[in-house]
Amino acid sequence: MSPVEFKENTIIVVFGASGDLAKKKTFPALFGLFREGYLSPSVKVYGYARSKMTDEEFRDRIKPYFETPTEKSLELVDKFLALCSYEQAAYDEPEGYQVLTKSIEAFEAERGVTEPHRLFYLALPPAVFTTVAEKVKQYCHPGSRGLARLVVEKPFGRDLKTAKELQAKLAPLWSENELYRIDHYLGKEMVKNLIPLRFANSFLHACWNNHYITSVQISLKEPFGTEGRGGYFDNIGIIRDVIQNHLLQVLTLLTMERPISGDAEAIRDEKVHLLKAIKPLDKKNILVGQYSRSEDGKKPGYLDDETVKPGSKCITYAAIPLEICNERWEGVPIILRAGKALNEGKVEIRIQFKETKNGIYQNVSRNELVIRVQPNEAMYMKMNIKIPGVSTDVTVTDLDLTYSSRYKKFYIPQAYESLIRDVLNGDHSRFVRDDELEVSWALFTPLLNYLEGPQGPDPILYPYGARGPEPLSGFLEKNGYVYDARGDYQWPVTTPDTVIDEELDNGPKK
Ligand SMILES: NC(=O)C1=CN([C@@H]2O[C@H](COP(=O)(O)OP(=O)(O)OC[C@H]3O[C@@H](n4cnc5c(N)ncnc54)[C@H](OP(=O)(O)O)[C@@H]3O)[C@@H](O)[C@H]2O)C=CC1
Ligand SMILES: O=C1O[C@H](COP(=O)(O)O)[C@@H](O)[C@H](O)[C@H]1O
């Protein structure tokens with residue numbers, strides 16, 4: 001059965017509407033969809049939370065985060081806000097939900113809606129998560145008269161046991177078909193691009209295996225520390241924060257087999273197969289760190305955050321090698337690495353190809369395909385060519401697909417916009433399925449138990465603003481990545497001074 005699209009007179013309720021996520025991501029995403037014409041003006045949007053606020057105060061709170069790239073979009077802000085209202089109520093009492101449903105039903109009756117379409121978005125901390133899911137089902141679900149969808153945000157538990165417990169509470173209430181577990185990395189443009197890139201290009205498909213690829217790295221670097229979120233982060237650490245979810249999701253799309261169709265379940269089946277093929281993580285071969293004060297003393301160390309437990313061993317950096325035990329990937333080292341308070345902010349995938357060992361070109365750079373997820377979406381393939389001109393020597397260059405120069409005037413939705421649109425369209429392909437979640441926790445739980453247990457290592461300190469802990473380069477090398485430091489690669493423009501060539505260095509031959 002093809003998914004039903006929520007189009008006219010859709011109800012959207014955001015629980016936790018007074019919070020940071022709702023303010024910075026959920027409502028701006030809804031506005032983005034409205035601005036671009038992907039959300040009908042017939043929609044009704046409710047914010048629901050405990051904080052006391054009038055409708056006006058609520059609108060004033062969310063408005064500054066809307067993106068308005070054009071004059072015309074400025075005019076749309078008030079039109080969108082007029083569709084939004086706020087309800088202040090408790091999460092654990094029925095009254096608020098009953099009032100909300102009355103209002104929803106009045107709206108639907110006024111519009112003559114016979115089959116209600118209701119989307120509920122839980123932008124909430126885990127503590128109230130199941131309470132709200134339960135109450136929404138009991139008081140706000142339209143039953144067999146219509147359709148309801150429930151969007152849930154991470155954390156989906158903190159290990160295998162708690163993830164299973166959460167699932168056991170949700171499953172009797174909300175069917176897998178109604179649930180949308182959001183991982184916003186799946187909504188990023190370059191992550192969405194992985195399936196077409198891999199399966200619509202036969203030349204790439206041919207070399208996408210251990211015969212040609214020698215290493216894969218997926219890195220997420222952030223240039224800021226916990227900055228006020230220390231209390232939350234200290235209980236989480238970098239693995240739960242971004243590796244077990246965001247980076248692992250990217251990895252599955254990058255390495256899974258071709259799905260039998262573009263259908264959501266076909267895609268998710270392949271992701272689960274791939275996850276099951278990952279070898280248990282090697283606790284002895286990981287690099288973990290925690291940032292300390294910057295070298296100039298201006299940026300605080302992790303432990304300087306007052307909301308963090310004194311002496312906390314929480315890790316803010318991790319590099320985790322893993323291996324996929326299937327025919328395609330066996331023997332290829334794959335590294336997931338992420339860290340806070342680093343020298344730059346970027347998310348990229350780096351696929352390095354084998355060196356050319358024999359033949360006329362033996363001492364040339366390895367080919368490397370780089371997919372930059374952010375900032376500034378790009379994809380570039382580092383390759384070797386003849387130095388332009390009289391020389392017959394080889395230099396490294398790239399086939400460069402930089403989105404900002406190749407694609408002008410394209411609307412690239414924010415990750416949340418893209419995913420909320422998927423929910424409205426009933427497309428599950430970019431959402432995490434229950435079994436996928438379970439396998440991913442099964443993979444990381446033993447490692448987390450070790451790191452957080454009595455035998456857990458002390459994280460290596462790295463100064464705020466560093467590339468990572470000091471042993472990083474050696475660690476990457478040991479795990480298969482060859483860093484080419486020969487220095488004749490310059491982007492975006494290469495000049496004769498930057499290519500290494502004896503002939504050019506010594507001047508033209510007589
Ligand atoms: N379309 C575009 O926008 C393009 C931009 N460029 C730009 O050109 C520049 C060069 O790009 P590129 O060649 O991809 O290289 P990068 O400088 O981005 O780095 C190459 C890789 O090597 C790692 N690395 C850096 N230093 C060391 C070290 N000492 N030992 C081991 N590993 C190390 C980096 O890791 P780590 O991240 O941890 O430092 C990164 O994974 C970049 O600024 C890039 O943005 C290039 C092509 C296209
Ligand atoms: O889920 C999270 O992701 C963000 C990184 O997301 P991005 O879209 O800004 O790359 C991270 O900063 C945060 O700690 C984490 O909870």
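Predicted model only: the values in this text are computed from it and were never measured. Remember, it's 1-based here, ligands and their atoms both numbered in the order they're listed.
Contact atoms of ligand 2 toward Arg229: 13 (C), 14 (O), 16 (O) (distance under 4.0 Å to a heavy atom of the residue). Residue Lys188 has at least one heavy-atom neighbour below 4.0 Å for each of these atoms of ligand 2: 7 (P), 8 (O), 10 (O). Remark: ligand 2 atoms within the under-4.0 Å shell around heavy atoms of His246 are 1 (O), 2 (C), 3 (O).
By the 4.5 Å heavy-atom criterion applied to side chains, Trp208 and Ile351 are counted as neighbours.
In summary, the aromatic rings of Tyr212 and Phe353 are positioned with their centroids too far apart to meet the 6.0 Å limit. Less than 6.0 angstrom separates the ring centroid of Phe58 from the ring centroid of Phe27.
Legend: residues meeting salt bridge (Lys or Arg N to Asp or Glu O under 4.0 Å) with Arg366, ordered by chain and number and at least two apart, are Glu355. In this view, Arg433 and Glu265, Asp269, Asp435 satisfy the salt bridge (Lys or Arg N to Asp or Glu O under 4.0 Å) rule, not counting sequence neighbours.
Taking atom 5 (C) of ligand 2 as the reference point, the nearest protein heavy-atom neighbour is Glu222 OE2, 3.4 Å. Among all non-hydrogen protein atoms, the one lying nearest atom 9 (O) of ligand 2 is Gln374 NE2, 4.3 Å. Looking from atom 6 (O) of ligand 2 to the surrounding protein, the closest heavy atom is His184 NE2, 3.1 Å. For atom 10 (O) of ligand 2, the closest non-hydrogen atom on the protein side is Tyr185 OH, 2.4 Å. Summary of contacts: the protein heavy atom closest to atom 14 (O) of ligand 2 is Asp241 OD2, 2.6 Å.
For the pairing with Gln217, the side chain to side chain donor-acceptor pair (under 3.5 Å) check across Glu348, Arg350, Arg337 returns one residue only, Arg337.
Cation-pi check for Lys382 over Tyr489 is met; the charged atom lies under 6.0 angstrom from the ring centroid and within 45 degrees of its normal. Judged by the 6.0 Å and 45° rule, Lys63 forms no cation-pi pair with Phe66. A cation-pi arrangement, defined by a distance under 6.0 Å to the six-membered ring centre and an angle within 45 degrees of its axis, is present between Arg421 and Tyr38.
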Could you check Lys221 against Glu344 for salt bridge (charged side-chain N to carboxylate O under 4.0 Å, His left out), going step by step and ending with a plain yes or no? CA-CA 6 Å; Lys221 298 174 72 176; Glu344 59 182 336; 2.8 Å; yes
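Enumerated by chain and number, the residues approaching ligand 1 to less than 4.0 Å through a heavy atom are Lys221, Arg337, Glu344, Lys346, Glu348, Arg350, Arg372, Ala378, Tyr380, Lys382, Asp398, Asp400, Thr402, Arg467, Ser473, Tyr481, Tyr483, Tyr489, Trp491.
Not a single heavy atom of Val347 sits under 4.0 Å from any atom of ligand 2. No heavy atom of Phe233 sits closer than 4.0 Å to any atom of ligand 2.
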Only distances under 3.5 Å count here; give the side-chain donor-acceptor pairs of residues 464-472 to other protein atoms, sequence neighbours excluded, each with its distance to 0.1 Å.
residue: Tyr464; atom: OH; partner: Gly225; partner atom: N; Å: 3.1
residue: Tyr464; atom: OH; partner: Glu227; partner atom: OE1; Å: 3.2
residue: Arg467; atom: NH1; partner: Ser473; partner atom: OG; Å: 2.9

